[in-house]
Amino acid sequence: MDLDAFRELLTPRGQEALEAAAELAGDDPVAAVTRLRKTYDADLTSAALGQAVLRRRAREKFGADADLMYFTPHGLEQATRREVADHRARRIPAGSRVADVCCGIGGDLLALARAGCTVEAVDADPLTAAVARANADALGFGDRVTVRAAGADTVDPAAFDVLFADPARRTARGRTFDPLAYSPAWPEVLRMVAAARAACLKVAPGIPYEFIPAGAEAEWVSHRGEVKEAVIWAGALAGGVERRATMLPSGLTMTPGAGLGPAEVGPIGRYVYEPDGAAIRSHLVAEVAALVGGRLIDPHIAYITSDVLADTPWASRYEVHEVLPFSLKRLRAALRERGVGNVTIKKRGSAVDVERLRKDLRLSGKKFTTVILTRVIDRPFVLVCDPC
């Protein structure tokens with residue numbers, strides 16, 4: 001879909017085509033095209049059906065709003081889930097003037113507008129900027145949002161209360177995890193942060209610690225157990241801590257414990273805990289260990305163990321039935337003896353290929369169990385467990 005085709009979608013005729021496409025989106029694609037082509041030209045048919053498919057896919061991230069919004073394939077893939085964007089926006093004071101310098105299709109600017117902010121947004125791609133503008137209008141935030149097709153370098157961060165940036169992490173070769181390959185590149189992002197009174201940067205959860213600017217707070221956010229993003233809060237928005245983990249939808253948050261040193265290391269007990277990914281990414285495993293009265297099974301592996309079952313939202317819990325030095329033959333025998341036919345395989349600190357192991361086990365029983373592949377003081381081990 002090009003910019004002209006998208007603009008036609010916004011006309012009364014385009015809206016008719018989009019409504020018709022929504023009714024056909026689940027049908028056979030060839031039949032859907034054939035029916036729409038009886039009334040609309042090829043470009044409008046393609047644009048309408050494309051939007052109908054993207055809207056159905058977007059419901060997972062945007063809920064009912066997706067049926068009113070507009071998307072591009074890349075824009076939807078990179079867009080922030082609404083619950084995560086709303087969590088972030090709530091930290092920015094209502095009434096703030098926010099510069100969104102890489103707005104994409106507008107998922108974040110919508111959250112900021114919902115939180116009572118006024119947003120001036122730019123995106124370097126004219127089509128993406130037009131989609132963001134249309135989304136603001138479609139959801140009733142047109143009076144709080146302006147969007148223009150322009151680069152981030154056209155924005156003066158000092159003219160706003162808050163700078164928001166979500167640098168593009170996709171190049172011509174695909175997704176990139178190197179901040180220097182972001183667009184804008186990381187040095188340019190930091191230049192804007194230095195000029196801003198307050199800043200909020202959305203980045204990949206795997207960002208190396210050395211790229212986090214001095215004096216800023218880094219927050220890792222998980223949603224239903226999956227780490228979604230890291231957020232860097234700078235200037236007036238920094239919370240006085242270096243690291244924070246947040247779990248959604250509960251909103252529970254954790255910061256480094258005062259005076260808490262590294263967790264102790266000890267033998268594997270009756271229970272094993274796998275901390276939430278946000279706690280792992282934010283280097284708060286010792287804090288989780290303290291919550292459950294546990295110890296690490298290895299100083300470099302984020303598995304916690306204890307002999308007493310403790311309740312915590314910050315970790316998944318498993319009861320350990322067997323601990324074996326890793327051996328395919330011994331593991332297969334142990335699982336067959338238990339009548340296991342279906343396994344969930346988890347690993348941390350292990351080089352074992354999970355899918356190949358699953359095939360090589362050749363299980364045929366009726367029971368279910370969990371297998372944890374890990375390392376204990378540089379030796380590969382396997383734990384046969386059941387979730388608590």
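We count residues from 1, following the sequence as given.
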Q) So, Glu83 and Lys228, do they make that salt bridge, N to O below 4.0 Å? A) no
Q | Test item: Met254 and Val288 side chains (from C-beta on) under 4.5 Å apart, heavy atoms | A | yes
Q) Atom CG in Leu252, atom CH2 in Trp314: separation rounded to 0.5 Å? A) 6.0 Å
Q) Just wondering, do Arg243 and Pro256 contact through their side chains at under 4.5 Å, heavy atoms? A) yes
Q) Would Leu328 and Leu361 satisfy side chain to side chain contact (heavy atoms under 4.5 Å, CB included), going step by step from the backbone distance to the final call? A) CA-CA 7 Å; Leu328 174 61; Leu361 286 172; 3.9 Å; yes
(Q) Tell me every residue that passes ring pair (Phe, Tyr, Trp, His ring centres under 6.0 Å) with Phe381, counting only those two or more places apart in sequence or in another chain. (A) none
Q) Would you call Asp137 and Arg133 a salt bridge, taking side-chain N to carboxylate O under 4.0 Å as the test? A) yes
Q) In Å and rounded to the nearest 0.5 Å, what is the SG to CD distance from Cys385 to Glu322? A) 10.0 Å
**Q.** Side-chain ion pair, Arg97 and Glu120, N-O less than 4.0 Å
**A.** yes
Q) So, the side chain of Asp386 versus the backbone of Thr369: is there a donor-acceptor pair under 3.5 Å, distance only? A) no
Q. Ignoring hydrogens and geometry, is there a side-chain-to-backbone donor-acceptor pair from Arg13 to Glu8 under 3.5 Å?
A. no
Q | Any side-chain heavy-atom pair of Arg362 and Arg332 under 4.5 Å | A | yes
Q: Measure the shortest side-chain to side-chain distance between Val147 and Leu109 over non-hydrogen atoms and say whether it is less than 4.5 angstrom.
A: yes
Q.
My understanding is that only one of Thr118, Asp161, Val119 makes a side-chain contact (heavy atoms from CB on, under 4.5 Å) with Ser96; could you say which?
A. Asp161
Q.
Check for me, please, whether Leu363 and Leu324 land in the same ILVMFWY cluster - side-chain distances under 4.5 Å, paths through other members count.
A. yes
Q. In Å, rounded to the nearest 0.5 Å, how long is the span from CG of Asp123 to SG of Cys103?
A. 4.5 Å
Q.
Does the plane of the ring in Tyr70 sit parallel, tilted or perpendicular to the ring in Phe6? Use 30° and 60° as the thresholds.
A. perpendicular
Q: Could you tell me whether Glu19 atom CD has more than 12 heavy atoms of other residues or ligands within 6.0 Å of it?
A: no
(Q) The test is side chain to side chain contact (heavy atoms under 4.5 Å, CB included); show your working for Val371 and Val340 and say whether it passes. (A) CA-CA 11 Å; Val371 167; Val340 172; over 6 Å; no
Q. Do you know which two heavy atoms are closest between Ala204 and Ala230, and how far apart they sit?
A. O-CB, 3.8 Å
Q) Should Val384 and Ile297 be counted in the same cluster of Ile, Leu, Val, Met, Phe, Trp and Tyr side chains packed under 4.5 Å apart? A) no
Q. Is Asp298 reaching over with its side chain to a backbone N or O of Ile377, donor-acceptor style, under 3.5 angstrom?
A. yes
Q | Euclidean distance, Gln51 CD relative to Phe71 CZ, rounded to 0.5 Å | A | 7.5 Å
Q | Nearest-0.5 Å distance that lies between atom OG1 in Thr72 and atom CG in Leu54 | A | 7.5 Å
Q: For residues Ala216 and Ile212, report the shortest heavy-atom separation together with the two atoms involved.
A: CB-CG2, 4.5 Å
Q.
Show the nearest heavy-atom pair for residues Ile268 and Val376, with the distance to one decimal.
A. CD1-CG2, 4.1 Å
Q. Does a side-chain N-to-carboxylate-O contact under 4.0 Å join Glu188 and Arg191?
A. yes
Q: With the side chain counted from C-beta on, respond yes when Ile304 and Pro275 share a heavy-atom pair under 4.5 Å apart, and no when they do not.
A: yes
Q.
Heavy-atom count check: over 12 atoms from other residues, nucleotides or ligands less than 6.0 Å from Gln15 CD?
A. yes
(Q) Is it the case that the side chain of Arg197 and the backbone of Ala236 share a donor-acceptor pair, with hydrogens and angles ignored and the cut-off at 3.5 Å? (A) no
Q: Group every Ile, Leu, Val, Met, Phe, Trp and Tyr by side-chain heavy-atom contacts under 4.5 Å, then state whether Val323 and Val382 land in the same group.
A: no
**Q.** N/O donor-acceptor pair under 3.5 Å between Lys61 side chain and Ala66 backbone
**A.** no
Q: Could you tell me whether the side chain of Thr305 and the main chain of Gly269 form a donor-acceptor pair under 3.5 Å?
A: yes
Q) Are any side-chain N or O atoms of Tyr273 and backbone N or O atoms of Ser306, one a donor and one an acceptor, separated by less than 3.5 Å? A) no
Q.
Would you compute the distance between atom OH of Tyr40 and atom CG of Leu18 and round it to the nearest 0.5 angstrom?
A. 10.0 Å
Q | Test item: Tyr303 and Leu383 side chains (from C-beta on) under 4.5 Å apart, heavy atoms | A | no
**Q.** Partner residues of Asp307 under the salt bridge (Lys or Arg N to Asp or Glu O under 4.0 Å) criterion, sequence neighbours left out
**A.** Arg295
Q. Taking Glu229 as the fixed residue, which of Arg88, Arg81, His223 is the one that meets the side-chain hydrogen bond (donor to acceptor under 3.5 Å, both in side chains) rule?
A. Arg88
Q) Are Leu248 and Phe62 connected, step by step, through hydrophobic side chains (Ile, Leu, Val, Met, Phe, Trp, Tyr) whose heavy atoms are closer than 4.5 Å? A) yes
Q: Is it possible for you to say whether Phe160 and Val189 belong to one hydrophobic cluster, with membership spreading through side-chain heavy-atom contacts below 4.5 Å?
A: yes
Q: Please step through side chain to side chain contact (heavy atoms under 4.5 Å, CB included) for the pair Arg35 and Glu23, ending with a clear verdict.
A: CA-CA 11 Å; Arg35 288 188 60 182; Glu23 298 176 359; over 6 Å; no
Q: Using a cut-off of 6.0 Å, state whether more than 12 heavy atoms not belonging to His321 lie near its atom NE2.
A: yes
(Q) Is any side-chain heavy atom of Phe164 closer than 4.5 Å to one of Lys202? (A) yes
Q: Looking only at non-hydrogen atoms, find the nearest pair between Thr80 and Ala85 and report the distance.
A: CG2-N, 3.6 Å
**Q.** Carboxylate-amine/guanidinium proximity below 4.0 Å for Arg59 and Asp67
**A.** yes
Q: Show your working on side chain to side chain contact (heavy atoms under 4.5 Å, CB included) between Arg91 and Val231 and close with a plain yes or no.
A: CA-CA 12 Å; Arg91 187 158 165 176; Val231 187; over 6 Å; no
Q | Side chain Arg281, main chain Ile207, donor-acceptor under 3.5 Å | A | no
Q: Locate the shortest heavy-atom distance separating Ala278 from Asp276; write the atom from each residue and the value.
A: N-OD2, 2.9 Å
Q) Do side-chain atoms of Arg348 reach the backbone of Ile301 as a donor and acceptor pair under 3.5 angstrom? A) no
Q: Flag the pair Arg148 / Thr146 as yes when at least one side-chain heavy-atom distance between them is below 4.5 Å, and no otherwise.
A: no
Q. Excluding sequence neighbours, so at least two apart, what forms salt bridge (Lys or Arg N to Asp or Glu O under 4.0 Å) with Lys347?
A. none
Q: Examine distances only and state if a side-chain atom of Asp65 and a backbone atom of Leu139 form a donor-acceptor pair shorter than 3.5 Å.
A: no
Q: Can you see which heavy atom on Ala136 is nearest to which on Leu110, and at what distance?
A: CA-CD2, 3.8 Å
